[in-house]
Amino acid sequence: VEEVRVYIKDYTRLGRHLVFYQLRDRLTKIGIKRSNLFFYHEPSFNRVNTDDDSIIMIKLGAYYMQIERNRREMNKLFENKMKDGLPSIPAPFGYRYKDKKWVIDKTDAEIVIKVFELSVSNDFRKVCNALHISPSKYYRIIKNKCYYGYITYKKKNNYSGKIEIVSYKGVHEPLIS
């Protein structure tokens, strides 16, 4: 294939969606060079479009470059937080945010500690009934590594769409040692 032409109804929305990257990556995987990909657009129905194809391609390229720049900046922000041990996700049950860090919320932390203490010798149903918590909350507490001092979250790879689990040592005080 020497050339691939892709027709787009509204190019302004294309850059906001993962579909553009998936389409581009699929076409390059089957052997089409990126330089041979041409994206055309159909004028929008709700506004008059006076741009010619060359201006549209420049705008599409600018949107793409801005999205890539934003993605790199966000990744750098997450990497810096990981290096400093700071959380990049909401505080879990038993913690709250203060000065960009997780600090222990004493009332909720007592419940978390009791869940771990009672789980050693009791069935999860007994623990849930004794502490008046739902089974889903019980399992979220038991499986969460943050109570041991680690920050873990799921990260979606924007290019492949695969989900990776990221885990690193946090600066917060662990509830369970």
Would you say Ile141 and Tyr139 are hydrophobically clustered, going by side-chain heavy atoms of ILVMFWY under 4.5 Å? yes
Of all heavy-atom pairs linking Ile104 and Ala109, the shortest is CG2-CB, 3.4 Å
Using the side-chain contact (heavy atoms from CB on, under 4.5 Å) rule, take Lys154 and Val166 through it: C-alpha gap first, then chi angles, then the decisive distance, then the call. CA-CA 6 Å; Lys154 293 178 183 176; Val166 178; over 6 Å; no
Could you tell me the separation between the NZ atom of Lys81 and the CD1 atom of Ile89, rounded to the nearest 0.5 Å? 10.5 Å
Could Glu68 and Arg71 be called an ion pair, given the rule that one side-chain N must be under 4.0 Å from one carboxylate O? yes
Residue pair Leu118 / Ala130: nearest heavy atoms and the distance that separates them: CD1-CB, 4.5 Å
For Asn129, give me all partners under side chain to side chain contact (heavy atoms under 4.5 Å, CB included), at least two apart in sequence or on another chain. none
For the atom pair CG (Asp84) and NZ (Lys101), what is the distance rounded to the nearest 0.5 Å? 9.5 Å
Locate the shortest heavy-atom distance separating Ile176 from Tyr148; write the atom from each residue and the value. CG2-CE2, 3.5 Å
Determine whether a donor-acceptor pair (N or O, by modelled atom type, separation under 3.5 Å) exists between the side chain of Tyr138 and the backbone of Ser119. no
Passes side-chain contact (heavy atoms from CB on, under 4.5 Å), Leu175 versus Tyr95? Steps please. CA-CA 9 Å; Leu175 292 176; Tyr95 291 96; 3.5 Å; yes
Output for pair (Lys126 NZ, Leu131 CG), nearest 0.5 Å, gives 13.5 Å
What one should report as the nearest heavy-atom pair of Phe93 and Tyr147 is O-OH, 2.5 Å
Worked check of side-chain contact (heavy atoms from CB on, under 4.5 Å) between Ile142 and Phe124: CA-CA 10 Å; Ile142 291 293; Phe124 84 94; over 6 Å; no
Quick one: does Asp105's side chain get under 4.5 Å of Asp108's, heavy atoms only? yes
Contact summary for Ser167 and Thr152, nearest pair of heavy atoms: OG-OG1, 3.1 Å
Measure the NZ-NZ distance between Lys145 and Lys169 for me, rounded to the nearest 0.5 Å. 12.5 Å
Would you mind reporting whether Ser88 and Tyr168 have side-chain heavy atoms less than 4.5 Å apart? yes
With a cut-off of under 6.0 Å to the ring centre and 45° to the axis, is Lys155 in cation-pi contact with Phe78? no
Would Glu79 and Asn75 count as a side chain to side chain donor-acceptor pair (under 3.5 Å) here? Give the steps. CA-CA 6 Å; Glu79 287 173 12; Asn75 286 338; over 6 Å; no
Tell me whether Gln66 at atom CD has more than 12 heavy atoms from other residues, nucleotides or ligands lying less than 6.0 Å away. yes
Please enumerate all residues that pass side chain to side chain contact (heavy atoms under 4.5 Å, CB included) together with Pro87, with sequence neighbours excluded. Tyr97, Trp102, Ile151
So, do Val115 and Ile133 sit near enough that their side-chain heavy atoms are less than 4.5 Å apart? yes
Hey, quick one: are Tyr150 and Val103 part of the same hydrophobic cluster, counting side-chain heavy atoms closer than 4.5 Å, chains of contacts allowed? no
Verify the cluster assignment for Met82 and Val171: are they in a single hydrophobic cluster under the rule of side-chain heavy atoms below 4.5 Å apart? no
Give me the atom names and distance for the closest heavy-atom approach of Gly149 to Pro174. N-CB, 3.6 Å
